[in-house]
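Here's the structure, in structure tokens; my notes come after.
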Amino acid sequence: MKYIEIDEELYRHIAGKTERIGESASEILRRLLGLSLDNTSVAAQSLAPKTVSQPSKESTESLQPLPQVIVPSRAISSIKDFAKHIDKQALAEQKGAVGRFLFLLETLYQLSPEQFGQVLQVQGRGRLYFATSKEALLESSKTANPKEIGQSGYWVTSNNNTAKKRTILTEVLEQFNIDETEAIQVIDSI
């Protein structure tokens, strides 16, 4: 498998073309480009760990070296008993719906920082909800009121009403394959 570096805008575009949960970037690109899907190689690729790749010595003799690339990971399995990991007292102490929303996202990040990048796939029709910088959210919407999710390096728009925050959190929990009953319990705490 080869790795390529893409900018955040292109990544968001590709992720926005996802048709099913768990679809890899390779599968999305094959579908968009009209290339056949070799199910065995695609399945093997989607199970392979996402790591930094360096070109082999033979391939670099006649070509410019490729840059190191870290491919964002996606959920492999669900986070079991997410609701049990939430500090209920600390959640209750949060200021308003925004505080509780950020607290729940930060808890999810702490449980699975290596998979948290998949929140970038949760987007509106013409608006970003998550980004890796405050500026990216402000580019998408001047009124986004970006807030950093703890110390994660991920930012979320916070100017949505409570119902929209619940919808966004629902989509995030789906990305992590969290059981629907448990997700409802978590969402109701916003």
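Count residues from 1 along the sequence.
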### Message
K147 vs N145, test: side chain to side chain contact (heavy atoms under 4.5 Å, CB included). Steps then yes/no.
### Response
CA-CA 7 Å; K147 303 278 186 199; N145 194 19; 4.0 Å; yes
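- Residues A131 and L137 share a closest heavy-atom pair of CB-CG, 3.8 Å.
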What donor-acceptor contacts under 3.5 angstrom involve side-chain atoms of residues 96-110, with partners at least two apart or in another chain?
residue : atom : partner : partner atom : Å
R100    : NE   : S189    : O            : 3.3
R100    : NH1  : G96     : O            : 3.4
E106    : OE2  : Q110    : NE2          : 3.4
T107    : OG1  : F103    : O            : 2.9

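- For the atom pair Q118 CD and F176 CZ, the distance stands at 4.0 Å (nearest 0.5 Å).
- Side chain of T167 to backbone of A163: a donor-acceptor contact under 3.5 angstrom is found.
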### Message
Test side chain to side chain contact (heavy atoms under 4.5 Å, CB included) on Q175 and E171; report intermediate values, then the result.
### Response
CA-CA 6 Å; Q175 290 288 320; E171 291 182 40; 5.9 Å; no
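- The CD1 atom of I190 sits 6.5 Å away from the CZ atom of R166 when rounded to the nearest 0.5 Å.
- Closest of all the heavy-atom pairs between A83 and V186 is CB-CG2, 4.0 Å.
- With sequence neighbours excluded, the residues that form a ring-ring contact (aromatic ring centres under 6.0 Å, His included) with Y154 are F116.
- In the hydrophobic clustering of ILVMFWY residues, with side-chain heavy atoms under 4.5 Å counting as a link, L29 and L120 come out together.
- No donor-acceptor distance shorter than 3.5 angstrom exists from the side chain of S141 to the backbone of L138, with no hydrogens or angles considered.
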### Query
Going through the distances and angles, do I149 and S152 end up as a side chain to side chain contact (heavy atoms under 4.5 Å, CB included)?
CA-CA 6 Å; I149 301 168; S152 68; 3.6 Å; yes
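- Residue Q185 holds its CD atom at 9.5 Å from NZ of K84, rounded to the nearest 0.5 Å.
- Cluster annotation: V122 is not connected to L128 through the hydrophobic network of ILVMFWY side chains, with a link wherever side-chain heavy atoms come within less than 4.5 Å.
- Within the model, atoms CD1 of I184 and CG of L173 stand 10.5 Å from one another, a figure rounded to the nearest 0.5 Å.
- Rounded to the nearest 0.5 angstrom, I187 CD1 and T162 OG1 are separated by 13.0 Å.
- I168 and W155 fall into different hydrophobic clusters, defined by Ile, Leu, Val, Met, Phe, Trp and Tyr side-chain heavy atoms under 4.5 Å apart, directly or through other members.
- Nearest approach of L111 to F82, heavy atoms of both residues: CD1-CD1, 3.4 Å.
- The side-chain hydrogen bond (donor to acceptor under 3.5 Å, both in side chains) contacts involving residues 127-136 comprise E8-T132, R127-T157, R127-N159, R127-N160, Y129-K164, where partners must be two or more places apart or lie in separate chains.
- Counting heavy atoms of neighbouring residues, nucleotides and ligands inside a 6.0 Å radius, atom NZ of K88 exceeds 12 of them.
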